[in-house]
Amino acid sequence: MEQYLAMWVRCLFGLVFLVSAVSKVSGRRSFTEFVEAVAVLAPVPGARRLLAPAVVALEFAIAVLLALPASVAFRGGGWLATALLLAFALGVALAVRRGAETACRCFGRSTTRVEGWQAVRNLVLAVPAALAATLGSGSRGTTTGLALAAVMGLTCGAVVIALDDIVDLFRPATAKAVDFRQEIPHARRDHSSRLRRGAVPAESRPERRNHQTPA
């Protein structure tokens with residue numbers, strides 16, 4: 001059983017942390033936005049200069065360690081992933097409590113504002129990472145079982161990566177509707193004021209008829 005859990009964890013967290021790290025350094029703008037987000041999420045001295053590059057380096061390290069076949073590398077990657085996920089959860093929770101106005105740059109250019117559910121997500125992900133690190137990679141299992149565990153891990157990883165977008169799809173459009181309704185009275189008042197000032201479009205003005213008296 002441990003070998004299938006290990007394969008699932010390898011694929012899940014390997015994909016998540018690899019995509020997360022690559023997206024942050026895919027361009028100058030992406031990395032700059034991530035640095036700014038880290039400075040808000042962790043308002044400590046050196047956050048911009050040291051903490052942001054360290055996070056990217058740790059994410060790459062986790063992906064590499066989980067990909068290695070050695071059991072000690074797998075355990076190290078699992079514990080490192082657990083620690084980083086717990087740190088992320090704490091940072092997001094504190095930022096939400098402070099009312100920080102910043103986007104979550106979890107995967108580079110993500111514009112989703114930090115919210116409490118993201119901290120819960122990281123806590124949930126930390127559980128299988130810690131469990132796999134405790135149990136180890138186990139003995140070699142069947143090819144079919146390992147392939148199925150790999151597919152499930154990659155699928156779960158893809159869902160985690162797209163989770164911000166999935167949550168946005170189910171957000172209510174109440175705020176947008178309110179803004180739209182608030183714009184209507186303003187438009188009507190502006191039109192009424194233009195009517196009072198005589199600034200009526202030419203096409204809406206009544207045609208003037210010349211009444212000529214017959215000779």
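Quick note: numbers below take in every heavy atom, side chains included, and nothing from hydrogens, waters or symmetry partners. Just so it is clear, the model here is predicted, and its values are computed rather than measured.
Rounding to the nearest 0.5 Å places CG of Leu163 at 9.0 Å from CG of Leu125. Note that the CZ atom of Phe13 and the CD atom of Glu59 stand 12.5 Å from one another [nearest 0.5 Å]. Atom CZ of Phe17 is separated from atom CG of Leu66 by 8.5 Å, given to the nearest 0.5 angstrom. For the atom pair CG of Leu154 and CG of Leu12, the computed distance is 9.0 Å after rounding to the nearest 0.5 Å. Leu85 CG to Leu90 CG: the interatomic distance, rounded to the nearest 0.5 Å, is 12.5 Å. For the atom pair CG (Asn122) and CG (Leu86), the distance works out to 8.5 Å, reported to the nearest 0.5 Å.
Contact check for Leu15 versus Ile161: side-chain heavy atoms found under the 4.5 Å cut-off. With contacts defined as side-chain heavy-atom distances shorter than 4.5 Å, the pair Pro53/Phe31 qualifies. When side chains are defined from C-beta on, Leu146 does not count as touching Trp8, because their heavy atoms never get closer than 4.5 Å.
Residues Ile62 and Phe60 are members of one and the same hydrophobic cluster, defined by side-chain heavy-atom contacts under 4.5 angstrom among Ile, Leu, Val, Met, Phe, Trp and Tyr. Taken together through direct or relayed side-chain contacts under 4.5 Å among Ile, Leu, Val, Met, Phe, Trp and Tyr, Val9 and Trp79 form parts of separate hydrophobic clusters. Under the 4.5 Å side-chain heavy-atom criterion for Ile, Leu, Val, Met, Phe, Trp and Tyr, Val25 and Val19 are members of the same hydrophobic cluster. Under a hydrophobic-cluster definition in which Ile, Leu, Val, Met, Phe, Trp and Tyr are linked whenever side-chain heavy atoms come within less than 4.5 Å, directly or via other members, Met7 and Leu135 are assigned to different clusters.
Checking side-chain atoms of Gln118 against main-chain N and O of Glu115 turns up a donor-acceptor pair under 3.5 Å. A donor-acceptor pair is defined here as one N or O able to donate and one able to accept, closer than 3.5 Å; no such pair exists between the side chain of Ser20 and the backbone of Val16. With Thr82 contributing its side chain and Gly78 its backbone, the two residues share a donor-acceptor pair below 3.5 Å. Formation of a donor-acceptor pair under 3.5 Å by the Tyr4 side chain with backbone atoms of Leu148 is not found in this model. In this structure, Arg75 contributes its side chain and Ala132 its backbone to no donor-acceptor pair below 3.5 Å.
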Test side chain to side chain contact (heavy atoms under 4.5 Å, CB included) applied to Leu123 and Phe88, step by step: CA-CA 9 Å; Leu123 289 175; Phe88 286 163; over 6 Å; no

Please walk me through it: do Leu131 and Leu5 pass side chain to side chain contact (heavy atoms under 4.5 Å, CB included)? CA-CA 9 Å; Leu131 180 61; Leu5 175 63; 4.0 Å; yes

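A cation-pi arrangement is present between Lys24 and Phe34 under the rule of less than 6.0 angstrom and at most 45 degrees off the ring axis.
Closest of all the heavy-atom pairs between Ala93 and Ala119 is N-CB, 4.2 Å. Nearest heavy-atom pair, Ala81 versus Ala129, reported as atom, atom and distance to 0.1 Å: CB-CB, 4.4 Å. Considering every non-hydrogen atom in both Leu80 and Ala61, the closest pair reads CD2-CB, 4.3 Å. Across every non-hydrogen atom of Leu65 and Gly76, the tightest pair is CD1-C, 4.1 Å. The two residues Ala63 and Gly14 come nearest to each other via the heavy atoms CB-O, 3.9 Å. Taking all atoms of both residues into account, the shortest heavy-atom contact from Ser30 to Ser23 is CB-O, 3.5 Å.
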